[in-house]
Amino acid sequence: MVEEEQDLNELMLERRRKLDELAEKGIAAYSDKYERSHTIEEVLNDYDELGDEVSVSLAGRIMAVREHGKASFADLADMSGRMQLYAKQNEIGEELYELFISLDIGDHIGVEGTLFKTRRGEITLRIKDFRLLSKSLRPLPEKWHGLTDVELRYRQRYVDLIVNPDVRETFVLRSKIIHSMREYLDDKDFLEVETPLMHTIAGGASARPFVTHHNTLDMDLYLRIAPELYLKRLLVGGFEKVYEIGKNLRNEGISTKHNPEFTSMELYQAYADYQDMMDITEDLIVTITEETLGTLQVEYEGEEIDLSPGWTRITMIDAIKKHANVDFTEVDDLQTAKGLADEHHVEYEDETTVGEIINEFFEEFVEDKLIQPTFITEYPIEVSPLAKRKPENKEFTERFELFIAGNELANAFSELNDPIDQKERFEKQMEQREAGDDEAHMMDQDFIRALEYGMPPAGGLGIGIDRLIMLLTDSSSIRDVILFPHMRPE
RNA sequence: GGGCCAUUAGCUCAGCUGGCAGAGCACCUGACUUUUAAUCAGGGUGUCGGAGGUUCAACUCCUCCAUGGCUCACCA
């Protein structure tokens with residue numbers, strides 16, 4: 001308690017003094033619900049119909065006070081907008097006027113009055129009565145520069161949202177994008193499902209999981225790194241089109257493109273393949289972009305990105321040929337691959353494979369050049385343990401990833417439905433695990449059992465929703481599209 | 001994890017070669033009945049991120065630590 005008192009700076013002490021004053025006068029600082037007749041946006045839009053006679057009531061937060069003798073102005077903000085209030089002492093009485101003058105920036109009030117236009121033409125509410133709804137005890141950041149300290153913005157997102165309108169816009173848009181995605185998938189008869197967040201085996205991606213503990217069962221559980229294996233079990237179960245939108249958790253590095261928890265959309269469609277997934281991916285992103293932004297020309301970090309349909313589709317091998325001028329078409333032995341890697345200063349592990357070296361070349365020379373939407377297809381089998389092989393070339397898979405602005409936005413493949421092949425792939429992954437790769441896949445016996453019952457051929461797709469939202473909101477960091485990004489404790 | 005940078009009032013930021021801690025906004029007092037980044041007059045509110053060290057003297061120089069940013073590595 002004593003420590004708390006010492007934490008209060010003068011501005012906060014002043015507000016607590018006002019709180020005491022209110023208590024003495026018997027005025028509630030935190031009062032009950034307030035029935036408003038309009039939002040600010042409605043009042044501003046409908047001013048011509050409402051005129052100067054109709055009484056309206058609003059609720060919101062005081063964002064500025066301009067004291068002006070016996071008549072004063074204030075700005076009120078609600079979720080829909082911001083407008084000016086006008087209070088005149090001889091109209092509302094000395095007592096209420098005193099209270100109006102003593103309002104602080106950040107206080108919530110409910111206010112009733114009529115409308116008029118000021119000399120400068122600003123639609124303003126002439127107060128007849130108002131009530132304090134919630135007293136603010138902490139000063140808000142400066143009205144002009146706002147809050148720019150990145151750390152404070154993330155730690156105290158509530159303040160960021162109050163004072164930075166474009167931050168609020170970003171998250172409204174985020175909600176619209178996800179809504180639009182659901183609508184698209186529901187329209188196409190995909191069934192939205194929910195699968196477990198706590199797994200006994202962490203599968204469906206190559207990533208280190210978080211571990212937690214169940215007390216009653218006295219066992220460790222992994223937080224899911226991907227919903228993939230559960231969604232495919234549903235294909236076995238007879239659901240032909242399913243999707244899930246939700247969080248994945250990965251115990252890995254944090255960067256402008258990685259947050260430990262992130263949101264993905266995964267969908268699976270029976271009797272389809274990765275070509276169908278490419279069509280869906282393109283159509284889905286085009287549709288929700290048009291619906292939420294009203295255009296397919298998107299600016300991201302100064303680059304003009306054209307999302308008009310007909311996105312480039314190119315194999316990984318061809319992309320490497322094009323951007324690095326290295327041809328892996330005929331390369332099928334490790335020695336030749338290593339030689340090429342050495343020649344081009346591409347690093348690789350001692351225990352590597354041709355496929356992994358090809359993947360390294362892609363990441364090193366191609367990825368960040370893919371500014372316009374590009375599907376990279378035919379991934380090496382070694383980096384695709386859950387994807388179906390290409391019939392004509394067993395070393396590559398029917399898989400693609402979508403890149404826009406150098407960012408990986410989607411990953412999809414024809415799902416491997418051969419239980420024997422899948423088991424062998426898991427065993428390969430297990431070997432890598434034992435060799436020290438703790439991101440290699442774990443063996444999932446139940447998943448193999450499910451495949452043994454028969455999973456229809458299917459296309460599967462995962463879209464990184466945070467990254468998609470980054471693109472559509474021109475955000476350079478994933479933290480700008482996650483309301484409460486992970487931070488170390490203060 | 002490595003490299004670079006940052007941390008000064010509630011917020012946004014100055015602070016030189018080591019010599020009394022500064023501005024704007026916010027806040028307080030007063031004036032002002034259509035202002036709007038209101039204006040005018042007065043008031044500086046601080047553990048200079050933390051701990052050591054060098055020095056007559058440290059916001060300033062050195063070391064370590066913390067947090068954050070960028071970047072490389074790792075990672076989809």
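Naming: A, B, ... by sequence-line order, numbering from 1 per chain.
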Does A:Arg157 qualify as a cation-pi partner of A:Phe484, given the criterion of NZ or CZ under 6.0 Å from the six-membered ring centre and within 45 degrees of its axis?
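No; the conditions do not both hold, so A:Arg157 does not lie above the ring face of A:Phe484.
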Looking at A:Phe171, does the NZ or CZ of A:Arg174 lie under 6.0 angstrom from its six-membered ring centre and within 45 degrees of the ring axis?
no
Just call it for [X]: base, sugar-phosphate, or nothing, with non-hydrogen atoms closer than 4.0 Å on any strand.
| X | result |
| --- | --- |
| A:Ser72 | nothing |
| A:Asn259 | nothing |
| A:Arg120 | base |
| A:Leu11 | base |
| A:Tyr379 | base |
| A:Ala207 | sugar-phosphate |
| A:Lys70 | base |
| A:Arg153 | nothing |
| A:Leu140 | nothing |

Checking base pairs now: Watson-Crick or wobble, both atom distances under 3.5 Å. What partners [N]?
| N | value |
| --- | --- |
| B:rG44 | none |
| B:rA14 | none |
| B:rC20 | none |
| B:rC64 | B:rG50 |

Do the side-chain N or O atoms of A:Arg66 get closer than 4.0 angstrom to the phosphate oxygens (OP1, OP2) of B:rA38?
yes
Side-chain N or O of A:Lys143 less than 4.0 angstrom from OP1 or OP2 on B:rA38?
yes
Look at the side chain of [X] against the base of [N] and say whether a donor-acceptor pair falls under 3.5 Å; ignore hydrogens and angles.
| X | N | value |
| --- | --- | --- |
| A:Asn90 | B:rU33 | yes |
| A:Glu122 | B:rU36 | yes |
| A:Glu151 | B:rU7 | no |

Side chain of [X] - closest among [options]:
| X | options | result |
| --- | --- | --- |
| A:Glu67 | B:rC27, B:rG69, B:rC32 | B:rC32 |
| A:Thr148 | B:rU12, B:rU35, B:rC27 | B:rU12 |
| A:Trp144 | B:rU35, B:rA37, B:rG24 | B:rA37 |

Could you tell me how far apart A:Arg15 (CZ) and B:rC11 (P) are, to the nearest whole angstrom?
13 Å
How long is the line joining NE2 of A:His145 and P of B:rA37, in whole Å?
15 Å
Closer than 4.0 angstrom, basic N to acidic O: yes or no for A:Glu398 and A:Lys390?
no
